Amino acid sequence: MNRIKDIYPEKLLQKHIKNIHQLTELMDNRTIHLMEVCGTHTMSVYRHGIKQVLPKSIHLLSGPGCPVCVTPTEIIDAVIELTNIPNVILTTFGDIIKVPGSKTNLRKLKGQGAEIHIVYSSLDALEYARKYPNKKIVFIGVGFETTAPTIAATILLAEKENIRNYYVLSAHKVIPPAMRALVEDKEIQIDGFICPGHVSSITGAKIYEFLAKEYHIPCVVAGFESLDILLAIEMLIRQIYEKRALVEVQYNRSVSWNGNQKAQLVLEQVFEPMDDNWRGFGVIPRSGLKLKSNYSQFDAFKKFSIKLIESQQPTACICGDILRGMKLPDECKLYRRICTPENPIGPCMVSSEGACAAFYKYENIELSGRVPTII
Amino acid sequence: MCLAIPAKIISIKNDSAVVDISGNFREINICLIENPKIGEYVLLHAGFAIERVDTELAKELYDYNLKKIE
């Protein structure tokens, strides 16, 4: 296999590739659509050259599990508004600063002198609040169930220390409602899900049960190494062959059925679900997280009376279709011509885990296996 | 972002732990883990340990599949 040197021996990987091919042949090589939901899986799939070694009849679709990619423009615009307020220091994870708002982005503003700091952890943001008591520190909370408990834990720490100048702008989202929206979408055909790894470490694999029970779609929670992904695909294909639909866990070294219950409790203490807008999907019920009312003193939306203004700009960016697995990046008119990692037009190129960024980076080893995904 | 890396707990003090990430040492928050112990491996994400890594299962995955080839 022409790819980066792997931590697993070639023979081991070839064995599972062969199993996948054999199972597919037993099903007369009929077309099977598998979606990897999580952006980190998209990157792993590309990095390990998975598409090249799969039978051509298995189509891998990239899903919306890239939190930066699904953050809508109005959130970025609202964050940009905050830079106009005196004594506000904005803190954020790195990817957000390049996402385009309607008029500009945070990176440009930072270059023009705005107080915007990139942090690795919400704990770093809280440290700013301790260090600068006469400033208001706003942390931009983006991420799914992997990240939200860490933001919740930091809020609890702020409450314990009676810190009064720390605020969170929650743009957090949760995965299962988006998966339901995907299977309900008549334009998309999904025969199996490669389920997120680290979201599932927190939530447990139980959150995908409704997909198997209500929609008869096989689900396998996968790890991120080449062997993990190949095993997960083999498990999915085997379920499809045997006409079963279950939730199985391949990534059992870090994922259990019930998940990390302590982390779940921390999340539920601080956050509650709300209807939320996803780029490419529109509003999905109960898919976002907002701060509960008893933590409103940390809620940036309340403190700064933030109003979200939806922007409807005509654009050739087809990020929305890419997030639903309907198109591949090089089917976008802007891809590579105008939209590049240095000059990203849409968030799928901005995010280090976006489908377009992954495609761009690994495109030269994308030999065969790329197929149009519209049914 | 689902990015999380395995890290080995070297020392614990209240909700903080020093971990070894392939030779790099970092202080992280372990408040999301129930009864963390020195020597255990955890997944590190955004400054927090988010779950344990079961090293026995990790080893089993590797060994079991290797045996099947022989």
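Naming convention: chains lettered A, B, ... in sequence-line order (proteins, then strands); numbering from 1 in each chain. Bear in mind that the values here come from a model prediction, so they are computed numbers and not experimental data.
- In this structure, the portion of A:Q250 lying under 4.5 Å from any heavy atom of chain B is its side chain and not its backbone.
- Listed here is the closest heavy atom pair of B:I33 and A:K262: O-NZ, 3.4 Å.
- Two residues are said to be in side-chain contact when any heavy atoms from C-beta on lie closer than 4.5 Å; A:T146 and B:L3 fail this criterion.
- In this structure, A:L123 CG and B:E27 CD are separated by 10.0 Å, a value rounded to the nearest 0.5 Å.
- B:K13 NZ: 12 or fewer foreign heavy atoms inside a 6.0 Å radius.
- For A:S254 against B:R52, the heavy-atom pair with the smallest separation is OG-O, 3.7 Å.
- Heavy atoms of other residues, nucleotides or ligands lying less than 6.0 angstrom from NZ of B:K8 number 12 at most.
- Once rounded to the nearest 0.5 Å, the distance linking CD1 of B:I50 with OG1 of A:T150 reads 9.0 Å.
- Of the possible donor and acceptor atoms, one in the side chain of A:N260 sits under 3.5 Å from a partner among the backbone N and O of B:L32.
- Atom CZ of A:R253 is separated from atom NZ of B:K59 by 14.0 Å, given to the nearest 0.5 angstrom.
- Neither the backbone nor the side chain of A:D124 comes within less than 4.5 Å of any heavy atom of chain B.
- More than 12 heavy atoms of other residues, nucleotides or ligands sit less than 6.0 Å from atom NZ of A:K206.
- Residue B:I28 holds its CD1 atom at 10.0 Å from OG of A:S121, rounded to the nearest 0.5 Å.
- Residues A:Y120 and B:R26 have side chains in contact (heavy-atom distance under 4.5 Å, counting atoms from C-beta outward).
- Applying the salt bridge (Lys or Arg N to Asp or Glu O under 4.0 Å) rule to A:E161 yields the partners A:R130; only residues at least two apart in sequence or on another chain are considered.
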